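Positions are given from 1 along the sequence. Just so it is clear, the model here is predicted, and its values are computed rather than measured.
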Amino acid sequence: MDNLEDLRADVARFVAERDWAQFHTPKNIAMALTVEAAELQEHFQWLTPEASAALSSEQLGEVADEIADVQVYLLRLADLLGIDLLEACERKMAKNRAKYPVALARGRADKYTKLGE
């Protein structure tokens, strides 16, 4: 697959082939997305920052699978709601650039409301 549209179509085809659309309400997919995100977090629970950045190839493969699950559910939710994911991300990044100007935010982890202090 070369792009998100190809992936979106593949996921929609996968769902249709299994007659799962009846279960894929936005609520259910949003809930499934949070479950998959929690499964991703589980791989990092209790690791030191150093260990979390130095996963074994086996761990990395497991993390990649969880990231893929999160992406598939996110893409499915966007599809169900008629949201162009790339367009939504572009809009949000523009908002983030305005909210976190480089001159105030560079090298800081403060909440955006504290940047001017």
Side-chain angles (χ1 to χ4, degrees):
M1 251 160 277
D2 293 331
N3 56 54
L4 280 179
E5 178 53 32
D6 289 347
L7 178 58
R8 186 211 58 77
D10 190 44
V11 170
R13 203 170 24 257
F14 180 89
V15 169
E17 290 168 350
R18 288 153 182 81
D19 192 27
W20 286 353
Q22 61 186 316
F23 310 115
H24 283 203
T25 64
K27 177 194 78 73
N28 287 350
I29 296 299
M31 292 172 71
L33 173 61
T34 62
V35 170
E36 293 301 336
E39 289 178 8
L40 174 60
Q41 283 182 306
E42 192 174 24
H43 288 279
F44 296 96
Q45 188 176 16
W46 313 120
L47 295 182
T48 64
E50 297 78 18
S52 72
L55 300 176
S56 70
S57 60
E58 181 181 342
Q59 290 171 313
L60 199 55
E62 292 170 359
V63 166
D65 283 348
E66 297 304 340
I67 288 172
D69 285 341
V70 168
Q71 179 61 43
V72 166
Y73 277 124
L74 185 60
L75 190 58
R76 182 71 178 144
L77 181 59
D79 190 25
L80 288 170
L81 296 174
I83 295 170
D84 180 314
L85 197 52
L86 288 177
E87 185 179 296
C89 288
E90 288 173 3
R91 275 195 318 272
K92 183 59 176 168
M93 288 304 298
K95 290 178 182 179
N96 288 344
R97 284 184 187 87
K99 188 186 280 188
Y100 301 99
V102 173
L104 294 177
R106 184 172 176 81
R108 296 180 61 169
D110 308 53
K111 183 165 171 56
Y112 68 92
T113 56
K114 305 265 186 208
L115 289 179
E117 298 176 4

Atom of [X], atom of [Y] and distance for their closest heavy-atom approach:
{"X": "Val15", "Y": "Ala21", "value": "CG1-N, 3.4 Å"}
{"X": "Ile83", "Y": "Ala88", "value": "CG2-CB, 3.9 Å"}
{"X": "Asp79", "Y": "Ala12", "value": "OD2-CB, 4.3 Å"}
{"X": "Asn28", "Y": "Phe23", "value": "ND2-O, 3.0 Å"}

Distance, nearest 0.5 Å, that separates [atom1] of [X] from [atom2] of [Y]:
{"X": "Leu47", "Y": "Gln59", "atom1": "CG", "atom2": "CD", "answer": "6.5 Å"}
{"X": "His43", "Y": "Glu66", "atom1": "NE2", "atom2": "CD", "answer": "4.5 Å"}
{"X": "Asp6", "Y": "Asp10", "atom1": "CG", "atom2": "CG", "answer": "8.5 Å"}
{"X": "Ser56", "Y": "Glu62", "atom1": "OG", "atom2": "CD", "answer": "7.5 Å"}
{"X": "Leu7", "Y": "Leu75", "atom1": "CG", "atom2": "CG", "answer": "5.0 Å"}
{"X": "Arg8", "Y": "Leu85", "atom1": "CZ", "atom2": "CG", "answer": "11.5 Å"}

Report yes or no: do [X] and [Y] belong to one cluster of Ile/Leu/Val/Met/Phe/Trp/Tyr joined by side chain heavy-atom distances under 4.5 Å?
{"X": "Leu80", "Y": "Tyr73", "value": "yes"}
{"X": "Ile67", "Y": "Ile29", "value": "no"}
{"X": "Leu40", "Y": "Leu60", "value": "yes"}

Is Arg97 positioned over the aromatic face of Tyr100, cation under 6.0 angstrom from the ring centre and no more than 45 degrees off axis?
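No cation-pi geometry.
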
So with a 6.0 Å cut-off around CD of Glu5, is the heavy-atom count from everything else above 12?
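Enclosed.
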
Flag yes if more than 12 heavy atoms outside Arg106 fall under 6.0 Å of its CZ atom; otherwise flag no.
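Not buried by this count: 12 neighbours or fewer within 6.0 Å.
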
Any side-chain heavy-atom pair from [X] and [Y] closer than 4.5 angstrom?
{"X": "Leu33", "Y": "Glu36", "answer": "no"}
{"X": "Leu4", "Y": "Gln71", "answer": "yes"}
{"X": "Val72", "Y": "Phe14", "answer": "no"}

Salt bridge flag under 4.0 Å for residues Arg13 and Glu17
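No salt bridge links Arg13 with Glu17.
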
